[in-house]
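Below is a structure I'd like to ask you about.
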Amino acid sequence: MKERESNYDRIYAVVKRIPKGRVATYGQVAKLAGLPGHARQVGYALHALPENHRLPWHRVVNAKGEVSPRSYPFAEDMQRAFLEAEGIPFDGRNRFPLEEYRWRPRKAL
DNA sequence: TTTATGGCTGTCA
DNA sequence: ATGACAGCCATAA
């Protein structure tokens with residue numbers, strides 16, 4: 001009932017649910033977290049990840065199906081490596097067939 | 001309290 | 001297909 005969790009916690013919860021070998025967009029995560037339209041906040045939430053974050057943040061990409069160029073220059077390269085390790089075939093543009101690897105959670109999960 | 005920023009998204013050229 | 005612009009809104013200072 002009194003869900004006092006911050007929006008970040010919801011986002012983290014959703015990201016945690018992303019299965020391996022699958023990816024989700026910020027907008028998608030935001031929507032699943034109950035924050036439709038707050039895609040950016042998702043990014044900030046991940047940026048504000050706590051030290052005990054065990055979240056597969058690397059499975060969260062932008063709507064273009066590519067990793068987002070964030071503040072840290074090598075981070076996108078690192079993220080790509082993580083996704084490749086999960087079976088996501090990247091092409092020469094740091095992108096991949098999003099619709100084929102897009103995580104499709106059930107609405108009534 | 002206000003101001004500034006931002007790991008985005010969607011539309012238009 | 002890629003590039004550019006504006007809009008949404010929460011968090012941090």
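Residue numbers start from 1 in every chain, and the chains themselves are labelled A, B, ... in the order their sequence lines are given, proteins ahead of strands. Side chains are part of it too, since the values below use all heavy atoms of this structure and drop only hydrogens, waters and symmetry mates.
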Practice prompt. Take the protein atom OH of Tyr8(A) and the nucleotide atom C1' of dC9(C), then report the distance between them rounded to whole Å.
Written response: 11 Å
Worksheet item: Once you round it to whole Å, what is the distance between C1' of dT11(C) and OH of Tyr12(A)?
Response: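 It works out to 11 Å between those atoms.
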Fill in: Upstream residue (5' side of DNA chain C) when Ala48(A) and Gly37(A) are each assigned their closest nucleotide
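Final value for this comparison: Gly37(A).
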Discussion item. Tell me whether the rings of Phe82(A) and His58(A) are parallel (<30°), tilted (30 to 60°) or perpendicular (>60°).
Written reply: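 Phe82(A) and His58(A): parallel rings.
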Worksheet item: Base, sugar-phosphate, or nothing: which does Val60(A) touch, judged by heavy atoms less than 4.0 Å apart?
Response: base
Discussion item. Base, sugar-phosphate or nothing for His47(A)? Non-hydrogen atoms, less than 4.0 Å.
Written reply: base
Between the protein and nucleotides 8-11 of chain B, list the N/O to N/O atom pairs that are separated by less than 3.5 angstrom.
| unit_1 | atom_1 | unit_2 | atom_2 | d |
| --- | --- | --- | --- | --- |
| dC8(B) | OP1 | Ser68(A) | OG | 2.9 |
| dC8(B) | N3 | Arg40(A) | NE | 3.4 |
| dC8(B) | N4 | Arg40(A) | NH2 | 2.6 |
| dT9(B) | OP1 | Ala63(A) | N | 3.1 |
| dT9(B) | OP2 | Ala63(A) | N | 2.6 |

Item to complete: Check every strand shown and say whether Glu76(A) touches a base, only sugar-phosphate, or nothing at a heavy-atom separation below 4.0 Å.
Response: nothing
Discussion item. Using a 4.0 Å heavy-atom cut-off, does Arg93(A) contact any base of the nucleic acid, only the sugar-phosphate backbone, or nothing at all?
Written reply: nothing
Discussion item. Looking at Glu86(A) and Gly21(A), would you say the former's side chain and the latter's main chain have a donor-acceptor pair under 3.5 Å?
Written reply: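 Flag set: sc Glu86(A) to bb Gly21(A) pair under 3.5 Å.
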Worksheet item: Can you check whether Pro69(A)'s main-chain N or O pairs, donor with acceptor, with Glu76(A)'s side chain at less than 3.5 Å?
Response: no
Worksheet entry | Distance, rounded to the nearest Å, where Leu35(A) contributes CG and dA10(C) contributes P | 9 Å
Discussion item. Measure CD1/Ile11(A) against P/dC9(C) and give the value in whole Å, please.
Written reply: 15 Å
Fill in: Separation of dG7(B) P from His53(A) NE2 (nearest whole Å)
15 Å
Worksheet entry | dG7(B): pairing nucleotide in any strand, Watson-Crick or G-U under 3.5 angstrom |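 Looking at the geometry, dG7(B) pairs with no nucleotide.
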Practice prompt. Please assess Arg59(A) against Gln79(A) for the test side-chain hydrogen bond (donor to acceptor under 3.5 Å, both in side chains), listing each intermediate value before the final yes or no.
Written response: CA-CA 8 Å; Arg59(A) 290 182 191 152; Gln79(A) 182 171 8; over 6 Å; no
Worksheet item: Between dA10(C) atom C1' and Leu46(A) atom CG, what is the distance in whole Å?
Response: 14 Å
Worksheet item: Expressed in angstrom and rounded to an integer, what is the separation of Gln41(A) atom CD from dA10(C) atom C1'?
Response: 4 Å
Discussion item. Heavy-atom count check: over 12 atoms from other residues, nucleotides or ligands less than 6.0 Å from His53(A) NE2?
Written reply: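 Yes, NE2 of His53(A) has more than 12 neighbouring heavy atoms, counting only those of other groups under 6.0 Å.
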Discussion item. Quick check: closest heavy atoms across Arg80(A) and Val67(A), and the distance to 0.1 Å?
Written reply: N-CG1, 4.3 Å
Worksheet entry | Value in whole Å for how far the C1' atom of dT5(B) lies from CZ of Arg70(A) |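 Going from Arg70(A) (CZ) to dT5(B) (C1'), I get 17 Å.
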Worksheet item: Should dC8(C) form a Watson-Crick or G-U wobble pair with both distances under 3.5 Å, which nucleotide is its partner?
Response: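 When the pairing criteria are applied, nothing turns out to pair with dC8(C), so the answer is none.
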Discussion item. Please determine whether residues Val61(A) and Ile18(A) belong to a single hydrophobic cluster, defined as Ile, Leu, Val, Met, Phe, Trp and Tyr linked transitively by side-chain heavy-atom distances below 4.5 Å.
Written reply: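 Not linked; separate clusters.
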